[in-house]
2 protein chains.
Amino acid sequence: MMKKPKARDRILETAARLFHERGYSEVGINEIIEKAETAKATFYQHFPSKQSLCAAWLEAVHQRSDLQREGILQGPGTAIEKIDAYFEGLGSFLRENDFRGCPYSNTGAVIDEECACLHQKIEEHKIAIRNFFRHLAGQFAHSERRAREVGDALFLLFSGATVEAQNLRSLWPVEAARRSAREICEKESATAST
Amino acid sequence: MMKKPKARDRILETAARLFHERGYSEVGINEIIEKAETAKATFYQHFPSKQSLCAAWLEAVHQRSDLQREGILQGPGTAIEKIDAYFEGLGSFLRENDFRGCPYSNTGAVIDEECACLHQKIEEHKIAIRNFFRHLAGQFAHSERRAREVGDALFLLFSGATVEAQNLRSLWPVEAARRSAREICEKESATAST
DNA sequence: TACTTTACAGACAAGTCTGTCTGTTTATGA
DNA sequence: TCATAAACAGACAGACTTGTCTGTAAAGTA
């Protein structure tokens, strides 16, 4: 028989699900503790505020997504295949999550300027993804500058696909971005070096 | 001396500003009517609900942005120059609006599945932008299929630039998308036709 | 002038929100 | 066994939310 996880983990897991499904601002503490089957006092024993729960959630998401990118980087295949795999992973993610896109972008849309710690987490996550693409682009681009340019283009295609798949509740943006990304990579690696 | 606009216009104008600055879900009716200097009864005389105000706002945004694209299409310049102008317009828009990005994406992130009429407006707006890019791409692409593919890629770059400029509160995503878009267009129009 | 539309002020209902507090019960580990 | 820590239930405060309602005042029109 499965042992019931500790209260903090239940809270974090429940909050992660609800925040992602409906958005940070649309989910209240009361619903979280009810679904997590904890008392309100227990909640505030583990998290000083709703905002700190949000920070913990984003932190956990970042760690998981970092691991995924690390796994792709360590795994087999060419750089172009790895980029393709990352787009494929986005498609699976969206299919499994009812087309809810990036938790960071969705959270950034509703928090105000004062939440500096949340904004920082958003920034870190985005830069990590951009660097992932820049790094891979560096393996076939013909210069450092080209690696940055191609990497940034891939990052923006990825980001655009994520947000539009959510808006249109469809996978075609992901497929279109994937195709375009592959084309950019192939053209870059085929071009004669200067 | 400027005559005070009618109540409905004041409400819509104020709501537009506040919704865009802070997000639909973060702004209440009370604040809107206070800043618009109207009575609550007056508000509910013009809008049956907050959601219908949101719909009216998105409708107004769509009309303005449609006019802008129409103006670019009717104006002088090549298709590639027009695409470039649209990215330049995005940069100006973000600079003038404190890096708050697409009202549609930001609203879509916080409304639930039941708001069908809002989701429909989001979809219409996004498809209009995609078609704008597909149409322009059709003027230099080598086939209908290529026009769709190139147009979709430009659309996703544009969308990615918008959301990441907001997340990172910086203009570099717009500049990167612009450069990449130009490159895609130039490569497409330079390629020998089959 | 008389009628009608529009807008006004603001109380009120019924519910939500975050966060605090008191006190009790259950686990865990020495 | 006993002490410490963790979780429990749930009342409460104070502020906020959307939306309704009553009644009054002003503005435009016939």
Side-chain angles (χ1 to χ4, degrees), chain A residues 1-58 106-107 109-118, chain B residues 1-58 106-107 109-118:
Chain A
M1 64 216 199
M2 280 258 282
K3 204 175 157 193
K4 198 174 177 183
K6 292 223 161 201
R8 190 180 192 280
D9 295 331
R10 294 203 308 274
I11 292 168
L12 200 48
E13 225 171 286
T14 308
R17 182 167 49 85
L18 296 177
F19 284 165
H20 188 245
E21 279 173 8
R22 307 215 309 273
Y24 169 64
S25 63
E26 304 307 297
V27 179
I29 299 288
N30 292 322
E31 184 181 355
I32 293 170
I33 61 170
E34 187 192 329
K35 297 229 163 92
E37 294 180 277
T38 62
K40 188 173 275 197
T42 308
F43 173 86
Y44 280 100
Q45 214 162 309
H46 289 289
F47 301 96
S49 66
K50 187 190 176 190
Q51 191 177 308
S52 83
L53 171 65
C54 183
W57 165 53
L58 291 181
N106 287 340
T107 303
V110 294
I111 58 175
D112 50 37
E113 216 59 41
E114 285 100 71
C115 302
C117 73
L118 296 185
Chain B
M1 64 210 195
M2 279 255 284
K3 204 173 156 195
K4 197 174 178 182
K6 292 223 161 203
R8 190 181 192 279
D9 295 331
R10 294 203 310 273
I11 292 169
L12 200 48
E13 223 171 286
T14 308
R17 180 168 50 85
L18 297 176
F19 284 166
H20 188 245
E21 278 173 11
R22 307 216 309 274
Y24 170 63
S25 63
E26 305 307 297
V27 179
I29 298 288
N30 291 323
E31 184 181 356
I32 292 170
I33 61 169
E34 188 192 330
K35 298 229 163 91
E37 295 180 276
T38 61
K40 188 172 275 196
T42 308
F43 173 86
Y44 281 101
Q45 212 162 309
H46 289 289
F47 301 96
S49 66
K50 187 190 176 190
Q51 190 177 307
S52 82
L53 172 64
C54 183
W57 165 54
L58 292 181
N106 287 340
T107 303
V110 295
I111 58 175
D112 49 37
E113 215 60 42
E114 284 100 69
C115 302
C117 72
L118 296 185

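By convention in this document, chain letters (A, B, ...) are assigned in the order of the sequence lines, proteins followed by strands, and residues within each chain are numbered from 1. Hydrogens, waters and symmetry mates are skipped; everything else that's a heavy atom, side chains included, is used. A quick note: this is a predicted structure, and the numbers were derived from the prediction, not measured.
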Exercise. Not counting sequence neighbours, which residues clear side chain to side chain donor-acceptor pair (under 3.5 Å) with E114(A)? List them please.
Key: none

Quiz prompt | Partners meeting side chain to side chain donor-acceptor pair (under 3.5 Å) with K50(A) (sequence neighbours left out) | solution = none

Self-check item: Non-neighbouring partners of F19(B) that pass ring-ring contact (aromatic ring centres under 6.0 Å, His included), sequence neighbours left out
Solution: Y24(B), W57(B)

Quiz item: Does a side-chain N or O from T42(A) land closer than 4.0 Å to OP1 or OP2 of dC8(D), or not?
Solution: yes

Exercise. May I ask you to test the T14(B)-E31(B) pair for a side-chain heavy-atom distance under 4.5 Å?
Key: no

Self-check item: Heavy-atom donor-acceptor pair, R10(A) side chain to E37(A) backbone, under 3.5 Å
Solution: yes

Self-check item: Whole-Å gap separating P (dT6(C)) and CZ (R10(B))
Solution: 14 Å

Quiz item: Who are the side chain to side chain donor-acceptor pair (under 3.5 Å) partners of E26(B), not counting sequence neighbours?
Solution: S25(A)

Self-check item: Which residues share a side chain to side chain donor-acceptor pair (under 3.5 Å) with D112(A), sequence neighbours left out
Solution: none

Quiz item: Nearest 0.5 Å, what's the CD1-CD1 distance between I11(A) and I29(A)?
Solution: 9.0 Å

Self-check item: Gap between atom CZ of R22(B) and atom CG of N106(B) - 0.5 Å precision
Solution: 13.5 Å

Quiz item: So, is R8(A) near the phosphate of dA5(D), with a side-chain N or O under 4.0 Å from OP1 or OP2?
Solution: no

Practice problem: List for me each residue that meets side-chain contact (heavy atoms from CB on, under 4.5 Å) alongside E34(A), sequence neighbours excluded, and say none if there are none. | Solution: none

Do any N or O atoms of the protein come closer than 3.5 Å to N or O atoms of nucleotides 3-5 of chain C, and which pairs are they?
none

Shorter than 3.5 Å, N or O on both sides, protein versus nucleotides 21-27 of chain C: list them out with atom names.
none

Quiz item: If you measure from SG on C117(B) to CD1 on I111(B), what distance do you get to the nearest 0.5 Å?
Solution: 8.0 Å

Exercise. List in numerical order all residues of residues 43-56 of chain A for which some heavy atom is under 4.0 Å away from an atom belonging to DNA chain D.
Key: Q45(A), H46(A)

Practice problem: Go through residues 20-30 of chain A and report each residue with a non-hydrogen atom lying under 4.0 Å from DNA chain C, sorted by number. | Solution: V27(A), G28(A), I29(A), N30(A)

Practice problem: Could you check whether A39(A) gets within reach of a base, just the sugar-phosphate, or nothing at all, counting any heavy atom under 4.0 Å? | Solution: base

Exercise. Starting from P on dT16(C), measure out to CD on E31(A) and report it in whole angstrom.
Key: 11 Å

Quiz item: CD1 of I33(B) versus C1' of dT18(D): gap in Å, rounded?
Solution: 11 Å

Quiz item: For E21(A), what residues pass the side-chain contact (heavy atoms from CB on, under 4.5 Å) criterion, not counting sequence neighbours?
Solution: R17(A), L18(A)

Self-check item: Partner residues of A56(A) under the side-chain contact (heavy atoms from CB on, under 4.5 Å) criterion, sequence neighbours left out
Solution: L12(A), F47(A)

